[in-house]
Amino acid sequence: MSADQSQRASNLNVGRCLDQYREMSRIREFELAAIRSAEEKLVLGAIHPSIGQEAVAVGVCGNLRREDIILSTHRGHGHTMAKGADPLAMMRELFGRAGGYSQGKGGSMHIADFKVGMLGANGVVSANINIAAGAAHAIKLKGGNEVVVCFFGDGATNRGPFLEGLNWAGVFGLPILFVCEDNGFAATTRTKAMTYGAGPAARAAAIGVKTTEVDGNDLLAVDEIARDLIEEARRGEPRFLLAKTYRLTGHTSADAAPYRPKEEVEERWLNDPIVNLRRALSAAGASDADLDAIAAKAKQEMTEAYETAKGTDWPAKELAYTDVQDIGDPRKGAF
Amino acid sequence: MSADQSQRASNLNVGRCLDQYREMSRIREFELAAIRSAEEKLVLGAIHPSIGQEAVAVGVCGNLRREDIILSTHRGHGHTMAKGADPLAMMRELFGRAGGYSQGKGGSMHIADFKVGMLGANGVVSANINIAAGAAHAIKLKGGNEVVVCFFGDGATNRGPFLEGLNWAGVFGLPILFVCEDNGFAATTRTKAMTYGAGPAARAAAIGVKTTEVDGNDLLAVDEIARDLIEEARRGEPRFLLAKTYRLTGHTSADAAPYRPKEEVEERWLNDPIVNLRRALSAAGASDADLDAIAAKAKQEMTEAYETAKGTDWPAKELAYTDVQDIGDPRKGAF
Amino acid sequence: MAKITYIEAGRQALAEEMRRDPLVWAVGEDLGRGGVFGQYKGLTDEFGSDRISDAPISESCIMGAAVGAAMMGTRPVVEMRFSDFALCAVDELVNQAAKARYMFGGQTRVPLVVREPIGMWRSSAAQHSQSLEAWYAHIPGLVVAVPATPADNYALLKAAIRCDDPVVYMEHKGLWPLEGDAPEEGVVAEFGKARIAREGADLTIVSWSASVHTSMEAAATLAEAGIEAEVIDLRTLWPWDREAVFASVEKTGRLMVVHEAVSVAGFGAEIAATVAESLHKALKSPVKRVAAPRIPISYAPVLEDEARVTAAAVVAAAQAMIAN
Amino acid sequence: MAKITYIEAGRQALAEEMRRDPLVWAVGEDLGRGGVFGQYKGLTDEFGSDRISDAPISESCIMGAAVGAAMMGTRPVVEMRFSDFALCAVDELVNQAAKARYMFGGQTRVPLVVREPIGMWRSSAAQHSQSLEAWYAHIPGLVVAVPATPADNYALLKAAIRCDDPVVYMEHKGLWPLEGDAPEEGVVAEFGKARIAREGADLTIVSWSASVHTSMEAAATLAEAGIEAEVIDLRTLWPWDREAVFASVEKTGRLMVVHEAVSVAGFGAEIAATVAESLHKALKSPVKRVAAPRIPISYAPVLEDEARVTAAAVVAAAQAMIAN
Ligand SMILES: Cc1ncc(C[n+]2csc(CCOP(=O)(O)OP(=O)(O)O)c2C)c(N)n1
Ligand SMILES: Cc1ncc(C[n+]2csc(CCOP(=O)(O)OP(=O)(O)O)c2C)c(N)n1
Ligand SMILES: [Mg+2]
Ligand SMILES: [Mg+2]
């Protein structure tokens, strides 16, 4: 491992890292439970697992306050949990049941938890970038001290909002950190094949947003760098973080990803961010017993969420007509 | 003047430069006639004069072949004439008369002359960038040897198509030169105030498109640099040229531009690209008499265009229903 | 009675709402210099450049940022300059603003006003003249306001700013200089309540925005011929005042809808279809739409006029209906 | 008779047109791997990656580049994946593609096909389920095709690719696996010609896309009750086959329009209004629309179904009409 990696490993805070290990394990187990549930047709729509990318979600969100804001994408389970959302309410949403975060109206791509500052996943790639800039704009107008973190993928950097939203954040001096999870793929396409030039970081820097790159599979690195960037952003200097990682599953739980060689994926599994963190924790003296217990507890929590969600009723159908808007009767003129 | 300026001045080709002086004078006189006509309400809609920016249009288009393609913006009169369009058909379009380039359907912002490879001005800022990329894409698919030049303003570089179109040109290796006319303004706003970072050139370079900057008020410089960039682009390597210039008039002919100090404008007039070129030509031995004659002839040509356009009939009203589309009757269900 | 122009009425409404509520702010290109039509003139002096904010030429970010800022509790008023340019921000308006509250199960609101000036205005041609109000009326989650008078541009804009739903607020460019009675100060319109612009017993003309004036002109001409048209100004298309329209048609037995937009799939179809569905037996003659042909809008006046609904066309159609 | 699926019919139509005309090419995200629904599977092997082209996630450039490529004489087939994502490219389609020929006085054509899969499809929720065909029918310059059967997805797609106008080509995601009679090889549909899917004398049901099947199911149920519905599949909305609809309504005296999209300002309003305007006296009962409430589409089936037009709803409405 590199010099500053060993540096970090040596002065690692075991208590904090155990928490982060717990969070990463919980996300992993949530995704695994969701994938199983999709196979069982309990999950009704498409899901985009974040397996392999947990260190980015946990490393970044671990440096946020409850009142801080995040926005996510179609691949949002990890970010949402890392910000403090309840996996049962998430699982219920994936199952389209009562008590889901969106009352069963949204599903995986439209989970939000405004109580913990999670302003929503999004089904439209790159669309959350402008919305996030606006959330930060509101914080500035209100003189608040919160910061916004906007997560998006490498593929999102080929859409217009990437340019418009970063420029906006800079022009207005907004408290926002843009986090690009570069997992190498945009659905079934290798993002590089459709991206000219040096890529997202170079583009962000050219727009004027100070940019940092990090190994997104190294929780300790993400944690340390995110801490600084978030505090700089909080002062109204937008920041951009490119986290290099890898999508260990297919694009959706239904995607076997035949378009990439088995060897590539196997090799990437050797760089599993959870295993990496566990290795560092062991080196720092954490016992296998404790670490196993954390993982087991996470698995059990998600199994319970799965069971409970499975046993939950469908939402009442009247809900289809609520929260459309205040003005006007949505039933008018129908059927 | 700078070293390479004097260098250029010394080996300037008088014959070629006289032609360019003629073109710039014709554009200037066209714009002046159009502005007068707008005051007389002969021009019906808004016009955006290119006075002060003639060297960019002429310097770039002077290196194109007839079959090469250009796309322009709302400020497109200069580009259009420089590519070989007929000022009378343009003036008629501005006056909404028969025989106008768009049969009176488009006006100033929708002039095109497909015969000379001018694929249209555009009323939507930045929209021509994607269209131009597509035109170049078609050339590549057809195995043609033409090149596309896309002109747009500095303000256009804050819209998504700037990112999407440049990336597209690079990914597909298209024969296109992007020319950004940086005149400092986006309507009544100083573009810099709404643009974060180092600006258009840095952004283009970060997207991976090789970028060059030029003094857009120095015809000799634009001519020389454009020649090289166009030949490189023709080989399927997209290029970006940032031409620094200044909008000597208001945003539209009706805009007195009170938002900028008189002194600033007066100072910029001292850098009039036409005067600059004339100075170089005189130094190279061109006689005032010849230069005056060229300017006078240009003025006369545009006065005649004005007179002829003024005396031209309105289009036949049946034309309102033609060229909508092949399929379906546009009159159905109306009135 | 005091008079005011349509543009000034909107300016005053915004200023008053900004005084009343510090969370209201406006954003758009060139607002610092008063906006492209002068709708914001002088407001920067009073409210500063944070609340009357310039913007880069970034329509999708202007709209998208407004969605985020609205979800965070501010009340942005977005200026799109020409409704045509709002077509650069449709995902933000239709996929995001209109659906966020619903998709997130009621956890948020998007109290956003999008000002989208519509309509023909001098020779502005196909990319600066469209009227696409029917599009937004079709989208669940959106409110659509289409003021025809200075008083309504005041009262409806205030209502739009106070509304917790995203409101597509379509002023007509041709009406900016229109003078009319000043509204009662502080009055806030109720969405979905039409205005009877003129009473009449022979036929009902339903209209909105600039076409209300075309309809009134036609009604005056018809009156000379002894035909009394009742002219209804809908003021908002979603919701639209079904009750007022039904009551009038039950009285007159005849419905004509007049609008500037293209007739095919225009909002006139919704009104005509609804009345035909609900009041078939009350109709003395078939419902009738008077709207534009399906052509882009031209630059030359002779061509532009082919897309323009004139009072003469309304009169002719009305006489044909009565004769029928 | 040979059978074919809806998705395969489209794939074959594209392949045949690409063989016939080297200027036809397709572009969209992930096409190299067959496209998100497999509509392009195997085509790269035959035509190469220049003609079955991947694209960055750049909807506005995909559409905008197609406009430029079409003006330069190629015939791009653009894949938007979900019609919802096409909302990121509305300026390119509506302000540019639809208007270029007209704005430039006939100097160019924009022979572009935009494939925009529409409709509800499993639990896809509000941003992956919309049907906005009415929007595009409202825009001068655009053709709108909405195939309901495998045979039509073949014949209409071929017609769209050969058409010199920009065509918004809306396949229904729920129909991909639908099996039906294979079309006669090489057949090219004529736009604006409806298909009588079922003959009947008691009422006319006009529909398109997936709703045609809902209507047919309803018609079968109605037949058991002795009500003979004539079901018309419009196939294209612009142009739409007024003559066929009028002829049927003159025979049956009753018009019902059934579609999946929101009822308010949906294209059903255009058809109902047109029939009410033109055939008032021939109507034995009021025109009727059966379409979706004005709500976003939900994820959970019980909620999603509230936005779904069912055969039962069509049957109930038809019985009410007949009783009327
Ligand atoms: C505007 C838009 N275009 C296309 C899609 C379809 N789509 C969903 S996810 C995805 C890939 C996104 O790649 P990236 O941004 O790298 O995120 P990742 O999936 O890798 O996390 C695509 C193309 C979409 N949802 N929105
Ligand atoms: C999408 C869009 N937004 C706004 C406008 C209004 N508008 C017309 S020209 C202009 C300024 C453009 O500035 P720039 O690109 O620098 O070109 P310049 O006028 O300086 O030549 C604006 C904002 C428009 N036409 N299109
Ligand atoms: Mg990715
Ligand atoms: Mg400029």
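Each chain gets a letter, A, B and so on, in the order the sequences are listed, and its residues count up from 1.
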Name the option with the most non-hydrogen atom pairs under 4.5 Å to chain C; the candidates are [options].
{"options": "B/S102, B/P315, B/A156, B/G328", "value": "B/P315"}
{"options": "B/T195, B/D255, B/T191, B/N122", "value": "B/N122"}
{"options": "B/R159, B/Q103, B/Q325, B/R97", "value": "B/R159"}
{"options": "B/A187, B/S108, B/G100, B/G107", "value": "B/G107"}

Heavy atoms only, distances under 4.5 angstrom: which of [options] has the most pairs with chain B? Name it, please.
{"options": "C/V314, C/I57, C/V36", "value": "C/I57"}
{"options": "C/P56, C/G32, C/A126", "value": "C/P56"}
{"options": "C/S60, C/C88, C/S124", "value": "C/C88"}

Checking heavy atoms, do the side chain of [X], its backbone, both or neither come under 4.5 Å from chain B?
{"X": "C/L87", "result": "neither"}
{"X": "C/A316", "result": "neither"}
{"X": "C/S58", "result": "both"}

Minimum heavy-atom distance between [X] and [Y], given as atom pair plus value:
{"X": "C/A300", "Y": "B/G96", "value": "CB-O, 3.4 Å"}
{"X": "C/D30", "Y": "B/A186", "value": "OD1-O, 3.6 Å"}
{"X": "C/V302", "Y": "B/K317", "value": "O-CB, 4.0 Å"}
{"X": "C/Y299", "Y": "B/E93", "value": "CE2-O, 3.1 Å"}
{"X": "C/A125", "Y": "B/K105", "value": "CB-O, 4.1 Å"}
{"X": "B/M194", "Y": "C/A55", "value": "SD-C, 3.4 Å"}

Do side-chain atoms of C/Q127 reach the backbone of B/G123 as a donor and acceptor pair under 3.5 angstrom?
->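 Confirmed, C/Q127 side chain pairs with B/G123 backbone.
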Contacting moiety of [X], where chain C heavy atoms sit under 4.5 Å:
{"X": "B/E318", "result": "neither"}
{"X": "B/V125", "result": "side chain"}
{"X": "B/A127", "result": "neither"}
{"X": "B/D323", "result": "neither"}

Would you call [X] and [Y] a side-chain contact if the rule is heavy atoms closer than 4.5 Å?
{"X": "B/T189", "Y": "C/E29", "value": "no"}
{"X": "C/P301", "Y": "B/W314", "value": "yes"}
{"X": "B/L319", "Y": "C/L303", "value": "yes"}

Might you confirm whether atom NZ of B/K115 has over 12 heavy atoms from other residues, nucleotides or ligands at distances under 6.0 Å?
-> yes
